[in-house]
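Whatever order the structure lists them in is the order used to number ligands and atoms, beginning at 1.
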Amino acid sequence: MSRITRRSFVRQSLVTGSAVIAAPYIARSADANGKMGIAVIGGGGRGGSHISEWLRDSRTEIVTICDVDEKAANSRATQIEQKQGFRPKIVKDMRKAFDDDAVDAISTATPNHWHALCGIWAMQAGKDAYVEKPVCHNIAEGSALIAAARKYKKMCQVGTQCRSSAAVIDAVKWMNEGGIGDVKFARGLCYKRRASINPLGDYPIPEEVDFNMWSGPAAYTDPKLTRKRFHYDWHWQRMYGNGDLGNQGPHQTDIARWGLGVDTHPTTIVSYGGRLGYQAERNDSAYIDAGDTANTEVSIYDYGDKCIVFETRGLGITESADDELNTLFQSKKGNKIGVVFYGEGGFLVQKTYDHCVAYDKNMKVIKEFKGGGNHFGNFVDACISRNYKDLNADVREGHLSAGISHLGNISYYVGERNHVTVEEAGKVLKGIKSLDDNAETLKRTVVHLADNKHDLKTYPLSMGPVLTFDPVKEVFPDNSEATALCTREYREGFVCPTADNV
Ligand SMILES: NC(=O)c1ccc[n+]([C@@H]2O[C@H](COP(=O)([O-])OP(=O)(O)OC[C@H]3O[C@@H](n4cnc5c(N)ncnc54)[C@H](O)[C@@H]3O)[C@@H](O)[C@H]2O)c1
């Protein structure tokens with residue numbers, strides 16, 4: 001291919017007949033080979049999937065791989081070189097990629113605490129950004145990311161790929177056209193077995209990792225690691241991750257909100273749960289797991305006339321607790337990850353990325369939806385059209401959906417030390433406006449814990465406060481402790497700007 005500029009690549013992509021549409025794409029590079037230059041930030045498990053996606057799109061090439069883990073960066077560079085025919089640049093500091101004219105867009109699959117700052121820095125430097133879910137680590141970061149996308153006129157796609165899945169798009173459309181009648185309530189499930197991440201301890205940081213850059217906007221623990229496995233298990237330490245409510249959760253909270261047509265934050269939130277069951281599993285009552293996020297959590301979100309309940313379970317998934325859900329998911333034991341919409345005339349269940357099933361009130365299947373999609377391709381399309389409305393998962397959607405996880409976790413964190421008996425939890429839940437049968441959901445949760453031999457008398461549930469949220473100002477007017485958790489303390493050099501100073 002002749003060496004053409006990125007600007008001409010984009011324009012050539014928009015050729016209609018012989019006329020070239022003058023797209024307002026601001027190209028970075030003057031000497032590129034006609035493809036959109038991508039920098040992949042974070043080459044772990046998910047970064048590997050990003051790489052595969054960019055390599056299969058003939059409109060893109062990976063010019064840079066950035067990882068603070070030298071081994072990960074080198075091995076990803078080799079993988080890219082073998083498929084692409086040339087080796088991408090390797091950088092450790094993402095700002096080098098943002099300063100590079102060969103980079104048109106970045107895709108980031110770093111740990112959660114880096115998502116927003118990485119996206120904001122990239123857009124400030126003139127790059128479009130594909131940012132993994134949850135798009136932010138806290139509420140304020142999400143708003144700042146939206147402000148940056150709009151201010152710098154950049155495309156910011158969130159990695160909630162179900163938004164591009166034909167099955168989910170068709171199912172939501174069918175439901176919104178009245179497929180199961182009026183729908184006001186959705187239940188998101190993350191019943192996903194997660195083993196303990198080993199005891200809280202003092203573990204070495206891998207030599208190949210630049211821990212200062214890895215820690216970034218989170219506190220620098222000088223350099224001390226309290227979990228055994230360096231990569232991935234940060235998900236279960238709140239300084240970096242958001243538990244499974246904020247890990248798997250944003251896929252399902254996004255579908256729940258999308259299906260219900262809810263375009264704001266909830267106004268009332270409460271969570272209960274805990275990091276439970278690992279003592280019984282190890283047969284060691286003194287065992288302290290290194291994680292500090294809940295592995296068992298029920299969160300209730302009231303939107304006025306609509307309601308979402310999200311259930312996180314990390315222990316073994318047994319059959320006895322879940323009659324209705326077993327039938328709807330057509331599976332008794334094993335993980336259940338999805339969304340159930342409860343309509344006047346039946347149920348719609350999102351079961352996987354590319355499969356949804358509708359049932360009538362008698363649990364008879366009435367319709368199935370199948371088919372995936374190309375979320376990364378949709379991002380490239382929008383980078384070409386320069387219209388963020390062409391994105392299937394614009395940053396604002398990502399913020400509201402990640403926000404559901406953050407708000408639920410805030411109630412749990414504020415109430416973490418408020419241990420309650422099942423009866424006391426039941427009493428609190430009785431007073432909460434919700435479209436769910438709160439008592440029934442609590443009962444199923446307790447059965448699930450008992451199935452896993454968890455002793456609630458020794459290790460009781462934590463009950464968060466019932467929080468009132470101002471969805472416009474993004475604060476809890478009556479709870480300053482909860483409001484403080486809408487942001488974090490940042491380290492010098494890694495301060496995430498607020499929405500009004502991006
Ligand atoms: N959309 C999806 O379906 C999906 C699936 C899996 C993971 N994810 C998301 O992807 C992200 C990464 O998940 P993972 O499982 O790959 O985690 P991981 O811990 O295995 O990998 C993260 C990688 O990022 C690197 N990294 C950390 N800080 C960095 C920095 N400042 N600059 C460059 N690289 C840095 C790490 O060294 C590591 O190689 C998470 O936020 C997760 O929520 C999304």
Check: Asp390/Ser385 side-chain N/O donor and acceptor closer than 3.5 Å: yes
Those atoms of ligand 1 less than 4.0 Å from some heavy atom in His251: 1 (N), 2 (C), 3 (O)
Geometric class of the Trp236/Tyr232 ring pair [parallel <30°, tilted 30-60°, perpendicular >60°]: perpendicular
Donor-acceptor pair between Glu397 and Thr160 side chains, under 3.5 angstrom: no
Sub-4.0 Å atoms of ligand 1 with respect to non-hydrogen atoms of Met213: 31 (N)
Protein residue, atom and distance nearest to atom 24 (O) of ligand 1, heavy-atom basis: Gly42 CA, 3.5 Å
Asp381 and Asn378: side chain donor to acceptor below 3.5 Å: no
Atom indices of ligand 1, in the order listed, that fall short of 4.0 Å to a heavy atom of Pro111: 22 (C), 24 (O), 26 (N), 27 (C), 28 (N)
Phe230 heavy atom under 4.0 Å from ligand 1: no
Check: Thr312/Asp244 side-chain N/O donor and acceptor closer than 3.5 Å: no
Proximity of Val209 to ligand 1 by residue part, where a heavy atom lies under 4.0 Å: neither
Donor-acceptor side-chain pairing of His448 and Glu311 below 3.5 angstrom: no
Backbone or side-chain N or O of Met94 under 3.5 Å from ligand 1 N or O: no
Numbered atoms and elements of ligand 1 in range of Gly159, under 4.0 angstrom, heavy atoms: 1 (N)
Polar atom proximity, Trp214 to ligand 1 (N or O, under 3.5 Å): no
Side-chain donor-acceptor contact under 3.5 Å, His115 with Glu141: no
Atom 32 (N) of ligand 1 - nearest protein heavy atom and its distance: Val68 CG1, 3.6 Å
Atoms in ligand 1 flagged as close to Asn247, the criterion being non-hydrogen separation under 4.0 Å: 43 (O)
Check: Asn242/Ser405 side-chain N/O donor and acceptor closer than 3.5 Å: no
Heavy-atom nearest neighbour in the protein, as seen from atom 21 (O) of ligand 1, with distance rounded to 0.1 Å: Gly44 CA, 3.5 Å
Lys133 side chain to Asn112 side chain, donor-acceptor N/O pair below 3.5 angstrom: no
Glu132, any N or O under 3.5 Å of ligand 1 N or O: yes
Identity and separation of the nearest protein heavy atom to atom 15 (O) of ligand 1: Tyr232 CD1, 3.3 Å
Closest protein heavy atom to atom 41 (O) of ligand 1, given as residue, atom name and distance to 0.1 Å: Asn112 OD1, 2.7 Å
Charged tip of Arg150 within 45° of Tyr152 ring normal and under 6.0 Å: no
More than 12 heavy atoms from other groups under 6.0 Å of NZ on Lys89: no
Distance filter under 4.0 Å to Gln161 heavy atoms, resulting ligand 1 atoms: 1 (N), 2 (C), 3 (O)
Distance, nearest 0.5 Å, that separates CD of Glu297 from CZ of Arg275: 11.0 Å
N or O pair under 3.5 Å between Ala72 and ligand 1: no
Heavy-atom nearest neighbour in the protein, as seen from atom 37 (O) of ligand 1, with distance rounded to 0.1 Å: Asp67 OD1, 2.6 Å
Closest to atom 20 (O) of ligand 1 among Pro250, Ser215, Gly45, Ala393 (heavy-atom distance): Gly45
Top protein contact for atom 12 (C) of ligand 1, by heavy-atom distance: Ala109 O, 3.1 Å
Top protein contact for atom 19 (O) of ligand 1, by heavy-atom distance: Trp234 NE1, 2.8 Å
Pair Glu61, Gln84: side-chain N/O donor-acceptor within cut-off below 3.5 Å: no
Any donor-acceptor N or O pair under 3.5 Å, side chains Ser196, Glu281: no
Ligand 1 versus Lys133: contacting region, heavy-atom distance under 4.0 Å: both
Of the listed options His50, Arg46, Arg229, closest to atom 8 (N) of ligand 1 (non-hydrogen atoms): Arg46
Per-atom contacts of ligand 1 with His235, taking only distances under 4.0 Å to non-hydrogen atoms: 42 (C), 43 (O)
Proximity flag Cys66 to ligand 1, non-hydrogen atoms under 4.0 Å: yes
Minimum heavy-atom distance between Ile269 and Leu407, given as atom pair plus value: CG2-O, 3.6 Å
